[in-house]
Amino acid sequence: MRMSCQLYVLGTSHDLQCDSAKCLPTQISAFRGELRKIIETHHIRCVAEEMDAEGLCQYNVDSTIAQPLALSLHIQHHNGDLTSEQRRLFSLDQFALANAFNRGRKFNQGFNRILSEVRERCWVARILAKKQWPTLLICGANHSQNIAKLWRRFGLKVVILHSDYAPSTEAPVPPA
């Protein structure tokens with residue numbers, strides 16, 4: 001029997017993903033509700049996130065919104081981003097390289113593009129290694145299309161649920 005490596009992608013902002021003070025409580029609540037709906041509707045067995053412990057520290061949080069939700073629903077969760085040490089081992093230490101060459105904006109943009117491409121490939125490899133299907137990947141909006149293209153290179157099914165999820169900031173209209 002062939003394994004169905006189904007991936008669902010939810011692109012969003014890291015502020016929303018991490019319950020940043022920049023987000024309204026209603027936005028966080030809507031995001032949490034959207035995650036629950038996605039997990040239940042698509043029978044998600046694993047949530048993977050573009051995040052690591054260092055990223056959580058940047059947002060002054062211990063976990064993302066998805067992590068405790070996954071735990072409460074008894075499904076796998078993992079943060080899949082490269083740590084700064086792993087980036088250094090790959091010679092992708094952004095600051096050291098940029099300082100060494102300091103060739104301006106075009107060089108920095110090119111370097112950042114390469115860094116993103118390497119990170120995205122690592123996420124895909126780590127998701128494949130987990131073998132938990134279907135999987136939901138939560139990543140920055142600027143990665144959602146690239147991840148889908150990478151996944152399709154394997155001939156695998158991917159659905160972008162949201163390229164750039166942002167809950168409405170408007171108050172709900174009460175029923176008449």
Side-chain angles (χ1 to χ4, degrees), residues 1-19 28 30-59 61-94 112-167:
M1 183 169 144
R2 189 169 168 248
M3 181 174 36
S4 176
C5 304
Q6 176 72 52
L7 180 68
Y8 293 92
V9 178
L10 188 156
T12 192
S13 75
H14 295 306
D15 284 320
L16 191 58
Q17 181 184 6
C18 292
D19 190 2
I28 298 301
F31 182 60
R32 189 176 285 113
E34 180 65 11
L35 286 176
R36 180 179 285 279
K37 182 179 93 175
I38 288 169
I39 290 168
E40 291 173 353
T41 300
H42 299 288
H43 308 286
I44 299 298
R45 292 189 56 214
C46 181
V47 175
E49 294 195 77
E50 173 198 356
M51 191 54 62
D52 67 0
E54 294 166 1
L56 292 171
C57 286
Q58 287 178 353
Y59 289 91
V61 295
D62 294 326
S63 71
T64 61
I65 298 290
Q67 193 171 0
L69 179 61
L71 181 65
S72 74
L73 297 172
H74 308 290
I75 61 174
Q76 294 270 328
H77 177 275
H78 67 93
N79 292 325
D81 207 1
L82 295 170
T83 64
S84 59
E85 177 62 17
Q86 291 166 330
R87 291 178 196 191
R88 190 187 64 71
L89 290 172
F90 283 128
S91 298
L92 293 171
D93 183 342
Q94 185 174 14
N112 287 333
R113 197 169 29 255
I114 288 171
L115 177 59
S116 286
E117 291 168 358
V118 169
R119 291 172 58 219
E120 290 162 354
R121 282 158 176 76
C122 286
W123 305 337
V124 166
R126 288 174 173 180
I127 291 168
L128 286 168
K130 289 287 184 185
K131 299 179 186 175
Q132 294 288 317
W133 313 114
T135 291
L136 170 65
L137 172 64
I138 302 169
C139 61
N142 56 323
H143 299 286
S144 54
Q145 297 296 328
N146 292 343
I147 290 293
K149 287 177 189 173
L150 283 171
W151 202 256
R152 288 183 188 116
R153 285 185 186 172
F154 291 98
L156 301 173
K157 189 174 178 189
V158 60
V159 176
I160 298 176
L161 298 169
H162 298 282
S163 287
D164 188 2
Y165 176 81

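Excluded from the calculations below are hydrogen atoms, water molecules and symmetry mates; all remaining heavy atoms, backbone and side chain alike, are included. Here the structure is a predicted model, which means the values were calculated and not measured.
With rounding to the nearest 0.5 angstrom, the CD1 atom of Ile127 is 11.0 Å from the SG atom of Cys122. The distance from the CD1 atom of Ile65 to the CD atom of Glu34 is 13.5 Å, given to the nearest 0.5 Å. With values rounded to the nearest 0.5 angstrom, Trp123 atom CH2 is found 9.0 Å from Asn146 atom CG. Considering CD1 of Ile160 and CD of Gln145, their distance stands at 3.5 Å, rounded to 0.5 Å. Note that NZ of Lys37 is 10.5 Å distant from CG of Leu35, once rounded to the nearest 0.5 Å. Here the CH2 atom belonging to Trp151 is positioned 6.0 Å from the CG atom belonging to Leu156, to the nearest 0.5 angstrom.
Aromatic ring pairs are classed by plane angle as parallel below 30°, tilted from 30° to 60° and perpendicular above 60°; the pair Tyr59 and His14 is tilted.
A distance-only check finds no donor-acceptor pair linking the side chain of Thr64 to the backbone of Gln17 [under 3.5 Å]. Between the side chain of Ser144 and the backbone N or O of Ala141 there is at least one donor-acceptor pair closer than 3.5 Å. A donor-acceptor contact shorter than 3.5 Å is absent between the side chain of Arg88 and the backbone of Ser84.
At a threshold of 4.5 Å between non-hydrogen side-chain atoms, the residues His43 and Ile75 do not count as touching. The shortest distance between side-chain heavy atoms of Leu16 and Ile28 falls below 4.5 Å.
Here Asp81 pairs with Arg87 in a salt bridge; the nearest charged N to carboxylate O distance falls below 4.0 Å.
Between the side chains of Glu54 and Thr83, no donor-acceptor pair of N or O atoms lies under 3.5 Å.
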* **Test log, rule side chain to side chain contact (heavy atoms under 4.5 Å, CB included), inputs His143 and Val9** => CA-CA 9 Å; His143 299 286; Val9 178; over 6 Å; no
* Could you walk me through whether Ile44 and Leu73 pass the side chain to side chain contact (heavy atoms under 4.5 Å, CB included) check? -> CA-CA 10 Å; Ile44 299 298; Leu73 297 172; over 6 Å; no
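Put simply, the residue from His77, Gln67, His78 that forms a side-chain hydrogen bond (donor to acceptor under 3.5 Å, both in side chains) with Glu49 is His77.
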